[in-house]
Structures are given as structure tokens and as C-alpha cells.
Protein chains: 2
Amino acid sequence: MYSFGEYCIFDGKIKTHKLDLKYPICPIRNILSRFSDKWSLLILAVLYTGKTMRYGEIKKSLPDISQKILTSSLKNLEKYHLIKRKAYAEIPPRVEYSLTETGNSLIPSIQMLITWAENHFEEILRK
Amino acid sequence: MYSFGEYCIFDGKIKTHKLDLKYPICPIRNILSRFSDKWSLLILAVLYTGKTMRYGEIKKSLPDISQKILTSSLKNLEKYHLIKRKAYAEIPPRVEYSLTETGNSLIPSIQMLITWAENHFEEILRK
DNA sequence: CTGTATCCTCGAGGATACTG
DNA sequence: CAGTATCCTCGAGGATACAG
């Protein structure tokens, strides 16, 4: 297990997504914080169930996400190499998204989280 | 694996932390969203390394968290039964925090996430 | 030492209209 | 179909002062 004390002496760099050069690397702050927003995990999970999906299919799986946020979330996930984007030069346009190897390697962790959440649903929400 | 399509037909209830009664339960939206803020995972990880810690010790492990946010995060984690709070009637006051059984059961998932983040550090941040 | 009480900033997320 | 472009809301997070 890591020394969180050591890792966690950062000074507010989390927002800018910059790394602190003086200290070693806190995985939570520097990596996990990039995907711990409202939609990223859901998008990854949806992509996993569908293997490769078009923009509209993802949108349909997450009916209450706005176009803007879906687009920007996909860009963010692509930026960090968790998903890949393939655009076809057709009319009307077609764009397909799928998990990268890196993205796929995150799935077991997400599944473990989901399983935990399921198993502890009542405990968490009781009272 | 879950049908995320089915689970994810909620309509914007995530903010209020209310459950959607019409549909079954999406673990990500209804459970994980409660702890996917800036500090909760770090607090849980810190508490795990220290077993039971005083308020000031946690603060020292996370030097750049504000008092207000630490207090409210601890309250939130206590509300959902991930940590327990024990106050001693002394002067000056002493308050000790520790993981509950439920909180402890989340640790393996967090560790798995951290291990993943470590192993994919360069891939995620390259270029 | 462990908190409240205010006030404030800032950006994630959203609503809506438009485009190639 | 898969996006941009604007404008806006709202609340997480923070700074500071004070309290028991």
C-alpha cells in the first residue's frame, strides 16, 4: 500500500491536471481525478457492453446527457487514451467509438466498484 | 454484467441524491456518485493506512484540503456509513475517525483502481 | 483541537440554436 | 448524424474569521 501522506503533498494542481514535479505521483489525484466526473465511468461501462458504438447509440444509452457534455467527455476519454474514435467519410457522417486496450484494462476495476455498490446498496442508503 | 441501458434511464436525479422509483438501481449513479468527489477517496485511503485517526491527523495527511471541505466530506462519508466518528468529551476536544465495515469493504476496489492508475500512468498521460 | 459561519470564485454541466 | 457555438445556472470547493 502506498504512503498517501507522501503522495498527497500537492498544492492545488488537481484542477489544471498538471503534475507536481517536486513530488512523486499520487494516482488518485493525477490519474483517477481525470475520469471521476459525472459521466466518464458510465460512458466506459456503456462502451464495454457495446464493444463498438456510434455516437447516437451512446447517446441513446444515456438519454439524459447533453450533446455538449457527451462530446466533451468523449474527447476527454480519447485524450487520455481510454477510448478510440473512428470517423468515416460518409454522408451522413458516421463515427464509431470503442475502448482502447488501456480503457479495457480499467473495466475490471469498474466492475468491482459496481459489484461493491450493489452489494452495499442498503447499507449506504439506510436511514 | 449489467444492462446499463436499463439502469441508466434516469432523469437528472443525480444531483439531489434521490432514487428513481420507477426504474431499478444504477449503482454508478446512485451509489458511486456519492463518493466520486475531489476528496472522498483520498480520505478513505488515508483512513485505511491509519486505521483510526484524529481530525488533525487526517488534515495533516491532506495538507491542501480546507477545514470546511474536510468537515463536510467527513460528514458525508459518515452519513453513508463508510466511516464512523467518535467524539470524546475532553478539553480540548478529541474526535477519532475510522472506517466502518462497509468502508473497509470498499478498500480493495480503491486499491485496484490505484494499482491500475499506477500501471497505466504513462499511457494515460503520454503526449 | 475541532469545528461553524460567511462570502466568494470558478468551472462542470446544461439549454438552445445552428452547421457540414 | 455528429457535432459547434453561445449563454447561463448552480453548487462544489475555497478563504477567512470566529467559537466552544
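Numbers restart at 1 for each chain; the letters A, B, ... are given by sequence-line order, proteins then strands.
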Is [X] near enough to [N] that one of its side-chain N or O atoms lies under 4.0 angstrom from OP1 or OP2?
X     : N      : value
B:Y97 : C:dG3  : yes
B:R54 : C:dT2  : yes
A:R94 : D:dG3  : no
A:K75 : D:dT4  : yes
B:K38 : D:dG14 : yes

[X] [atom1] to [N] [atom2], straight-line distance once rounded to whole Å:
X     : N      : atom1 : atom2 : value
A:I83 : D:dA2  : CD1   : C1'   : 14 Å
A:E96 : D:dC1  : CD    : P     : 14 Å
A:E57 : D:dG3  : CD    : P     : 13 Å
A:I69 : D:dT9  : CD1   : P     : 16 Å
B:L74 : C:dG3  : CG    : P     : 8 Å
B:L62 : D:dG13 : CG    : P     : 13 Å
B:N76 : D:dG11 : CG    : C1'   : 14 Å
B:E78 : C:dT2  : CD    : C1'   : 14 Å

Gap separating the [atom1] atom of [X] from the [atom2] atom of [Y], nearest 0.5 angstrom:
X      : Y      : atom1 : atom2 : result
A:I107 : A:I114 : CD1   : CD1   : 8.0 Å
A:L47  : A:K51  : CG    : NZ    : 10.5 Å
B:D37  : A:S36  : CG    : OG    : 8.5 Å

Report task. Could you check which of D:dA2, C:dG3, D:dG14 has an atom nearest any side-chain atom of B:Y55? Result -> C:dG3
Report task. State which of D:dA2, C:dG3, D:dG13 makes the closest approach to the side chain of B:D37. Result -> D:dG13
**Report entry** Side-chain H-bond candidate by donor/acceptor type, A:N76 with A:S73, under 3.5 Å
**Finding:** no
Report task. Return yes if a side-chain donor-acceptor contact under 3.5 Å exists between B:T71 and B:Y55, otherwise no. Result -> yes
Requested in this report: State which residue, out of A:L32, A:L106, A:I31, fulfils the side-chain contact (heavy atoms from CB on, under 4.5 Å) condition with B:I124.
Outcome: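 For B:I124, the side-chain contact (heavy atoms from CB on, under 4.5 Å) test succeeds with only one of A:L32, A:L106, A:I31, which is A:I31.
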Query raised in the report: At their closest point, which heavy atom of A:T102 faces which heavy atom of B:H120, and how far apart are they?
Result: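 Closest approach of A:T102 to B:H120: CG2-CD2, 3.9 Å.
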**Report entry** Any pair counted as salt bridge (Lys or Arg N to Asp or Glu O under 4.0 Å), so long as it reaches residues 92-115 of chain A, sequence neighbours left out
**Finding:**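 Applying salt bridge (Lys or Arg N to Asp or Glu O under 4.0 Å) to every pair that reaches into residues 92-115 of chain A, excluding sequence neighbours, yields A:E90-A:R94, A:R94-A:E96.
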Report summary line: In B/S/- notation (B base, S sugar-phosphate only, - none; protein heavy atoms under 4.0 Å), nucleotides 15-20 of chain C written 5' to 3' is B-B--B
Query raised in the report: Bend across the helix from C:dC1-D:dG20 to C:dG20-D:dC1, to 10°, with axes taken over 5 pairs at each end?
Result: 50°
Query raised in the report: Please walk me through it: do B:S98 and B:I83 pass side-chain contact (heavy atoms from CB on, under 4.5 Å)?
Result: CA-CA 5 Å; B:S98 57; B:I83 66 175; over 6 Å; no
Report task. Indicate yes or no: does B:D64 engage A:R29 in a salt bridge with an N to O separation below 4.0 Å. Result ->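 Yes.
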